[in-house]
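Handing you this structure, nothing more for now.
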Amino acid sequence: MRPHACQQKATSRQRHQRRQKLPRLGSCPPQCHANQRDQRHRAVDQRPRLDRRQKIRPDPQRQRHRHPQRQIHPRPDQRSAGRRQPAEQRPRHAGAHPDTAFAHPRRAHRIRDDAVGQVCHACFSARPCLRITPKPSRLMVSERLTRPMSDTTAQARPAEDRPSQARPVVTRFAPSPTGYLHIGGARTALFNWIYARGRGGKFLLRIEDTDRDRSTPEATAAILKGLTWLGLDWDGEAVSQFAGRDRHAEVAREMLARGNAYKCFATQDDIESFREAARAEGRSTLYQSPWRDVDPARHPDAPYVIRLKAPREGATVIDDQVQGEVTFRNDQLDDMVCLRSDGTPTYMLAVVVDDHDMGVTHVIRGDDHLTNAARQVQIYHAMGWDVPVFAHIPLIHGPDGKKLSKRHGAVGLEEYQAMGYPAAGMRNYLTRLGWSHGDDEFFTDSQAREWFDLGGIGRAPARLDFKKLENLCGQHIAASADAELLPEIEAYLSAAGLPALTETQRDGLLRGMYCLKERAKTFTDLIEKARFVLVSRPLDLDEKAEKALDPVSRGILMELTPQMQNASWTRNDLEATVAAVAEARGMGLGKLAGPLRAALAGRTVTPSVFDMMLTLGREETLARLVDQAA
RNA sequence: GGCCCGUUCGUCUAUCGGUUAGGACACCAGGUUUUCAACCUGGUAAGAGGGGUUCGACUCCCCUACGGGCUGCCA
């Protein structure tokens, strides 16, 4: 029996080998960490995984070196604990007494059972801290926190948390058509799409075009085109938010009628001077309208906006699937404008009304909306509507870690198509960016649908890494069926403004696809490598090819040509024929491959010479050889 | 300024109170070879800083630093 990990002092090399080869033993001392970990790993089942190498070249020899842990790694959904648990499974505050009216904003402190009645060691602080003790009657709450849980302390309890209300999932993507489709926006759309599709739900598209000055039909078209390219299909028609403006106004009036909103006659100047004064005095600049409690009988006949009468006491809590429980004190949230003085709705009102009317159950969007979510929840409450499940995902940053902007080059989605990235690779990369499922890196759409969950989304912004994108795209191209690749390549050519394929070129490309796809990371790459089959005689030779075809080489080609004529056009036979000529000349295959490459492609960097011969066919190959033979 | 969010190899991330902190991309070295790739083998490389709680902290708490968001009759 081989010694287990814990019985050796390991070098990093040994560590690696052990991971690869050593069987896991149950005979180690109980305190052996490696053993404990293995027990955990062994407890979970093994799932089939898509392995590129395995798929393309089934070679049992290679399988021997697979990492044992990779195959039995616990899936996130099988983990027993962790911050990644969805809120509905997460114990809100383990051990908390039901009578407890106070909760720590984010997490409960863990305190030993024998610490009952003592000051919290963890935080003695000004923060609300819920003591976790086995004796709830002796719960201690810091004096400063003795703030009654008022009725206005609203909590955004996701509808999904209530088991009785399990509804089919409805997600939406709501871009504003003021420019191209941003790569970050594309990822948001993708998350919504996968989530809905993975749960048999609906994915809706709503164009947020209430800003009439900045919205353009061109931008809308670009967004639809981009989503279509990425393969994100939406249910029903894309709806225009602007079209629903009457309904939005109606809701604003209803809030007015319910006493949850009020008319504010303050002018821009009033607001500005309020803010200036607040700044000067060091007070909060959140606007506090003097019209909040004015009797309607005393309202002037002047333009007004409708503001939400937001609660001023208590707090609003967002139970976010990504960010956790986030608490905003209501005195930090102002009475936002819902209906502008020209009668048009603001974004804040329109999203809520639309999401409600469209039956959206899960709002997955950028975390720049996290604070907005608190304001929006207040509208949901004002109207007595169910609050959707929120998931605020971090934004994507450029390779330098800064916010994405034009200077990062490709920012619009359409640029990625023109650069030759396949949509499947793009989906894979974007899904994996900021979301994880154990160690899985390469996966198919159906795996993504099966695995994707909100709890697997990270909270830190991720950077774009083009190398990894390329790598993943290369794997997807290699794994695709030849026939599926062709239309994608043609779409790429058109997007990149390159000439379309002729019938002959299309046939040739398809014949050579088997070898081209394995070496290309992008379609740009693939087309470049396919050059030999796309061009027709007479070939133009580049400088290096010209050099490779010196008189001696041309002589060899002359000798080779008749031999080739007799070869049966199979790889084995071709190899044998060329090897025989090389041997007769006392040279290696390498020496002969150079001139052959130059003659067949006019370049010195190409696929394998035999692959080229097979792709070109006997007639074309011989013609090209004759062209260059001395 | 106020409020909110974040910080593990260069990058994406795993682990989520006990691991020798794992994987992938990138990088370096070696191998294979018919050029370029691909492929194979090996390697370098990480818990922002400081306190606290704990037998034990990357993991829980606090502070600081840095980054980001919101603070509009923009979305």
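Letters A, B, ... mirror the listed sequences (proteins, then strands); counts begin at 1. Keep in mind the model is a prediction, meaning the values are calculated, not measured.
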Counter-base of B:G6, judged by Watson-Crick or G-U geometry with both distances under 3.5 Å: B:C66

Touch class at under 4.0 angstrom, heavy-atom based, for A:Pro607 against every strand present: base

Residue A:Thr371, side-chain atoms from C-beta onward, closest of B:C73, B:G69, B:G23: B:G69

Sugar-phosphate only, base, or nothing, as touched by A:Leu589 at under 4.0 Å among non-hydrogen atoms: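 Answer is base: heavy atoms of A:Leu589 come under 4.0 Å of a base.
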
A:Val326 side chain, from C-beta outward: closest of B:G22, B:C73, B:C4: B:C4

Nearest listed nucleotide, side chain of A:Ser608, among B:U34, B:C3, B:G22: B:U34

Nearest-Å distance once atom P is located in both B:U59 and B:U8: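 Straight-line distance between the two P atoms is 13 Å.
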
Base of B:C36 paired with side chain of A:Arg519 (donor-acceptor, under 3.5 Å):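 It does, because a donor-acceptor pair links the side chain of A:Arg519 to the base of B:C36 below 3.5 Å.
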
Residue A:Thr346, side-chain atoms from C-beta onward, closest of B:U34, B:A75, B:U71: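 So the side chain of A:Thr346 is nearest to B:A75.
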
Taking every non-hydrogen atom, the tightest pair across A:Ala601 and A:Thr606: CB-CG2, 3.5 Å

Between B:A26 (C1') and A:Tyr429 (OH): distance, integer Å: 12 Å

Sugar-phosphate, base or nothing in reach of A:Gly434, heavy atoms under 4.0 Å: sugar-phosphate

Side chain proximity check, A:Ile396 to A:Pro461, heavy atoms < 4.5 angstrom: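 A side-chain contact is absent here, since even the closest heavy-atom pair is not under 4.5 Å.
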
Rounded distance in Å - CD (A:Glu325) to P (B:C5):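 Rounding to the nearest Å, CD of A:Glu325 and P of B:C5 are 11 Å apart.
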
Nucleotide nearest A:Lys468 when distance is taken to its side chain, options B:U34, B:C25, B:C73: B:C25

Protein-nucleotide distance (A:Lys529, atom NZ; B:U35, atom P), rounded to Å: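 Distance check: A:Lys529 NZ to B:U35 P gives 14 Å.
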
Closest nucleotide among B:U34, B:C73, B:G2 to the A:Val305 side chain: B:C73

P atoms of B:C40 and B:G17, separation to the nearest Å: 36 Å

Touch class at under 4.0 angstrom, heavy-atom based, for A:Arg531 against every strand present: nothing

Complement of B:U20, any strand, by Watson-Crick or G-U distances under 3.5 angstrom: none

Distance between P atoms of B:A57 and B:G47 (Å, rounded):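 Rounded to whole Å, the distance is 16 Å.
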
Sugar-phosphate only, base, or nothing, as touched by A:Ala373 at under 4.0 Å among non-hydrogen atoms: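 Nothing: the residue A:Ala373, judged by heavy atoms under 4.0 Å, touches no strand.
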
Check: B:U35 base within 3.5 Å donor-acceptor of A:Thr604 side chain: no

Whole angstrom value for the distance that separates C1' of B:A26 from NZ of A:Lys467: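 Nearest whole value for this atom pair: 7 Å.
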
Phosphate contact (B:U35 OP1 or OP2) by A:Thr606 side-chain N/O below 4.0 Å: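 Looking at the OP1 and OP2 atoms of B:U35, neither is under 4.0 Å from any side-chain N or O of A:Thr606.
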
Whole angstrom value for the distance that separates C1' of B:G68 from CD1 of A:Ile393: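 Rounding to the nearest Å, CD1 of A:Ile393 and C1' of B:G68 are 15 Å apart.
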
Separation of the C1' atoms in B:C5 and B:C28, to the nearest angstrom: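 Pairwise C1' distance, B:C5 against B:C28, rounds to 38 Å.
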
Toward the 5' end of RNA chain B, by each residue's nearest nucleotide, A:Arg283 or A:Leu469: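 This one resolves to A:Arg283.
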
Nearest listed nucleotide, side chain of A:Thr285, among B:U71, B:C73, B:A75: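 When the side chain of A:Thr285 is considered, B:U71 is the closest of B:U71, B:C73, B:A75.
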
Complement of B:U34, any strand, by Watson-Crick or G-U distances under 3.5 angstrom: none

Sugar-phosphate only, base, or nothing, as touched by A:His392 at under 4.0 Å among non-hydrogen atoms: nothing

ring-ring contact (aromatic ring centres under 6.0 Å, His included) evaluation trace for A:Phe452 with A:Phe191: CA-CA 8 Å; A:Phe452 188 81; A:Phe191 279 15; 5.1 Å; yes

Base-pairing mate for B:C27 - Watson-Crick or G-U, with both contacts under 3.5 Å: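 Its partner is B:G43.
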
Sugar-phosphate only, base, or nothing, as touched by A:Val337 at under 4.0 Å among non-hydrogen atoms: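 If one applies the 4.0 Å heavy-atom cut-off, A:Val337 turns out to touch the sugar-phosphate alone, with no base involved.
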
B:A29 versus B:C4 - spacing of their C1' atoms, nearest Å: 48 Å

Salt bridge present between A:Arg571 and A:Glu575 (N-O < 4.0 angstrom): yes

Touch class at under 4.0 angstrom, heavy-atom based, for A:Arg214 against every strand present: base

Residue-phosphate contact under 4.0 Å: A:Lys521 side-chain N/O, B:A38 OP1/OP2: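 Checking A:Lys521 against B:A38: at least one side-chain N or O falls below 4.0 Å of OP1 or OP2.
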
Below 4.0 Å: OP1/OP2 of B:G72 and any side-chain N or O of A:Arg275: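 So the side chain of A:Arg275 is within the cut-off, an N or O lying under 4.0 Å from OP1 or OP2 of B:G72.
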
hbond_proxy A:Asp439 side chain to B:G22 base (donor-acceptor, 3.5 Å cutoff): yes

Side-chain donor or acceptor of A:Ser289 paired with backbone N/O of A:Trp291 under 3.5 Å: yes

Sugar-phosphate only, base, or nothing, as touched by A:Glu470 at under 4.0 Å among non-hydrogen atoms: nothing

Touch class at under 4.0 angstrom, heavy-atom based, for A:Arg597 against every strand present: base

Touch class at under 4.0 angstrom, heavy-atom based, for A:Asp525 against every strand present: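 Result for A:Asp525 = nothing.
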
A:Ile396 CD1 - B:G69 C1' separation (whole Å): 16 Å

Candidate nucleotides B:G69, B:G10, B:A75, ranked by approach to the side chain of A:Glu208 - the nearest: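 Per side-chain heavy atoms of A:Glu208, the pick is B:A75.
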
Salt bridge (charged side-chain N to carboxylate O under 4.0 Å, His left out) against A:Glu281, all qualifying residues, sequence neighbours excluded: A:Arg283

Sugar-phosphate, base or nothing in reach of A:Thr210, heavy atoms under 4.0 Å: sugar-phosphate

Nucleotide B:G72, atom P - distance to CZ of A:Arg307 in whole Å: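 Taking CZ of A:Arg307 and P of B:G72, I get 9 Å after rounding.
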
A:His476/A:Phe442 aromatic ring centres below 6.0 Å: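 Yes, they do, as the ring centres are separated by less than 6.0 Å.
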
Sugar-phosphate, base or nothing in reach of A:Phe610, heavy atoms under 4.0 Å: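 Base contact - A:Phe610 has a heavy atom under 4.0 Å of at least one base atom.
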
Close aromatic pair by centroid cut-off 6.0 Å: A:Tyr347 and A:His369: yes

5' precedence on RNA chain B between A:Asp368 and A:Arg463 (nearest-nucleotide basis):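 Closer to the 5' end of RNA chain B: A:Arg463.
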
Under-3.5 Å donor-acceptor pair between A:Glu441 side chain and B:G23 base: yes

A:Asp211 side-chain proximity, nearest of B:A75, B:G23, B:C12: B:A75

Closest to side chain of A:Val609, choosing from B:U34, B:U71, B:A14: B:U34

Spacing of the P atoms in B:C12 and B:G52 (rounded, Å):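 The same atom, P, in both gives a distance of 32 Å.
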
P-based separation of B:A37 from B:C61 [nearest Å]: 49 Å

ring-ring contact (aromatic ring centres under 6.0 Å, His included) partners for A:Phe328, two or more places apart: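 Expected list: none.
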
A:Leu308 CG - B:G72 C1' separation (whole Å): 16 Å

Minimal non-hydrogen separation, A:Ala598 against A:Ala545, with atom names: CB-O, 3.6 Å

